[in-house]
There are 4 protein chains.
Amino acid sequence: MLLNLDPRSHIPIWEQLVNQVKELILKEVILPGEKLPSVRELSSVLLINPNTVSKAYQELERQEIIETLRGKGTFVSQTIIPKADEQKIEALRQALKQLVIESSYLGIEKEYFIQWVEQYTKELGGRSNVAESSSDS
Amino acid sequence: MLLNLDPRSHIPIWEQLVNQVKELILKEVILPGEKLPSVRELSSVLLINPNTVSKAYQELERQEIIETLRGKGTFVSQTIIPKADEQKIEALRQALKQLVIESSYLGIEKEYFIQWVEQYTKELGGRSNVAESSSDS
Amino acid sequence: MLLNLDPRSHIPIWEQLVNQVKELILKEVILPGEKLPSVRELSSVLLINPNTVSKAYQELERQEIIETLRGKGTFVSQTIIPKADEQKIEALRQALKQLVIESSYLGIEKEYFIQWVEQYTKELGGRSNVAESSSDS
Amino acid sequence: MLLNLDPRSHIPIWEQLVNQVKELILKEVILPGEKLPSVRELSSVLLINPNTVSKAYQELERQEIIETLRGKGTFVSQTIIPKADEQKIEALRQALKQLVIESSYLGIEKEYFIQWVEQYTKELGGRSNVAESSSDS
DNA sequence: GTGGTCTAGACCACG
DNA sequence: GTGGTCTAGACCACA
């Protein structure tokens with residue numbers, strides 16, 4: 001569990017946790033059905049409050065990415081079904097648009113930008129939907 | 001000045017303002033040297049707190065996108081030089097990576113994602129750095 | 001004993017057990033006087049902790065729905081007398097009220113709601129009190 | 001704001017809050033667009049911790065029943081659209097089924113049960129979906 | 001052991 | 001003023 005949190009970031013710690021767990025699952029560092037560290041354990045390792053970990057876990061459960069079995073712990077869901085929430089997609093597009101704008105002000109050329117997208121999708125492995133939609137190339 | 005702010009969005013209003021002004025400048029809806037509305041004017045038009053507009057202007061000035069001439073008003077900078085701030089680029093890459101991850105969970109295929117990038121760069125016109133990586137202009 | 005427990009449900013497993021046993025008795029799948037599986041047996045079949053089964057049995061006994069005969073096992077009570085516990089009725093009404101509220105937010109029309117009630121009472125067979133309010137039996 | 005919380009209930013306080021606010025909105029005791037008490041205010045009135053109120057408000061916002069305007073407060077949404085979440089409907093049906101079963105053990109006749117449903121829908125006013133689907137009677 | 005809830009009190013960004 | 005986050009530490013039900 002290589003989680004690095006930045007307490008200075010404007011992104012809440014619990015959200016950083018959510019993001020990184022989602023990444024680790026896509027990268028298959030954590031596998032479906034696998035048990036996540038307990039709230040107390042993770043909080044003591046990361047030196048953060050148990051409540052913060054708990055909030056992250058609850059959010060992940062709400063997204064149906066993990067499941068909690070009462071008294072047993074939290075586990076990665078066996079089946080993570082991509083669901084196309086229109087509202088979320090629109091929000092993502094807006095965020096993407098903003099990144100493109102920022103890129104421009106930072107002098108980043110489109111080719112680099114797309115190259116990064118390719119790189120990140122590759123890093124997530126060939127399993128994700130983003131990674132490959134075309135059979136071969 | 002077609003600015004539409006969403007008070008319900010979780011993005012701070014001042015940040016929405018900054019983002020949209022930057023977009024309008026790239027789209028050349030606002031031109032270099034053009035005068036921006038005064039804080040008071042804009043705040044009364046948008047029905048938001050003057051402090052909010054002020055904060056947005058301060059941020060834009062900090063990014064050297066606009067300039068304030070004492071007693072004359074605020075103007076779009078004549079020369080907007082893309083600065084490759086390494087820290088900002090790294091932050092942008094992180095944000096992009098997170099978007100790719102989210103895309104995967106939303107079931108969005110890479111092709112669509114890249115297509116959106118192409119679309120947004122086109123919308124910004126051929127002037128931005130992102131828009132053209134073609135050698136000459 | 002067709003018991004299907006959902007470890008992912010937020011309803012405690014012992015409570016799911018209690019609920020399902022009560023349902024099976026109403027449906028006469030389990031008959032008065034019938035012997036229930038031992039705690040050990042049931043727990044090994046359902047792959048759950050014996051303590052969990054034990055707790056369910058204790059609760060069923062408390063509700064006088066089953067009886068434990070020392071050394072002989074647990075049996076469904078011969079006579080299950082509906083007891084109009086005012087407190088429980090009030091709790092049930094509160095729960096029902098909340099369901100009606102939720103229905104509204106889910107866009108469920110009253111007619112459907114009542115239809116479901118009719119359906120479930122029918123499923124419980126003509127024996128239950130809910131099922132028939134016809135004067136004699 | 002007539003909110004009565006039961007700290008002894010097994011239902012979490014924050015959830016009781018959510019339920020009661022939803023009820024008050026349906027009953028039009030609180031109107032769309034109306035401002036809710038601030039987190040601090042409500043917590044001091046109800047003698048509970050601000051965090052508890054906050055959790056309730058966040059859940060209500062997630063359900064799109066209220067909206068928070070940063071720095072301004074929380075408001076009842078202008079448009080509360082009933083959305084038929086299949087999963088939630090199934091859960092509701094399960095809960096309803098269980099209530100029917102409980103009714104039987106409490107000796108409650110079906111007619112009473114349905115009468116209560118009618119009563120509660122009426123209490124929620126003629127506006128809700130549950131309340132009336134037939135034009136008149 | 002597990003996660004969930006609650007309290008107490010602090011700090012922060014937003015408007 | 002507002003809500004959001006975080007910490008510290010407690011208690012509870014569940015398995």
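Throughout, a chain's letter reflects where its sequence line sits, starting with A, and its residues are numbered from 1. Please read these numbers as outputs of a predicted model, since none were measured by experiment.
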Undergrad: Return the value, rounded to whole Å, for the distance between atom CD of C/Glu59 and atom P of F/dA13.
TA: 14 Å
Undergrad: Nearest heavy atom decides the nucleotide; on that basis, is C/Glu15 or D/Glu61 closer to the 5' end of DNA chain F?
TA: D/Glu61
Undergrad: Across the strands shown, which category fits D/Ile13 at heavy-atom distances under 4.0 angstrom: base, sugar-phosphate, nothing?
TA: sugar-phosphate
Undergrad: Assess whether one donor atom and one acceptor atom, taken from the side chain of A/Arg40 and the base of E/dG3, lie less than 3.5 Å apart.
TA: yes
Undergrad: Could you tell me whether the phosphate oxygens of E/dT2, OP1 or OP2, come under 4.0 Å of any side-chain nitrogen or oxygen in A/Ser38?
TA: yes
Undergrad: Can you tell me the distance, in whole Å, between the CD atom of D/Glu67 and the C1' atom of F/dG3?
TA: 15 Å
Undergrad: Picking from E/dG15, E/dA8, E/dG3, which would you name as closest to the side chain of D/Asn49?
TA: E/dA8
Undergrad: Could you check whether the side chain of D/Asn51 and the base of F/dG3 have a donor-acceptor pair of N or O atoms closer than 3.5 Å, going by distance alone?
TA: no
Undergrad: Counting only heavy atoms not in B/Arg40, do more than 12 fall under 6.0 Å of its CZ?
TA: no
Undergrad: Check whether any side-chain heavy atom of A/Val76 sits under 4.5 Å from a side-chain heavy atom of A/Ile65, and report yes or no.
TA: no
Undergrad: Taking only the side-chain heavy atoms of A/Arg70 (C-beta and beyond), determine which of E/dT7, F/dA15, E/dG15 contains the nearest atom.
TA: F/dA15
Undergrad: Are A/Lys55 and A/Val18 side-chain neighbours, meaning at least one heavy-atom pair lies under 4.5 Å?
TA: no
Undergrad: Does E/dT5 have its OP1 or OP2 closer than 4.0 Å to a side-chain nitrogen or oxygen of D/Lys55?
TA: yes
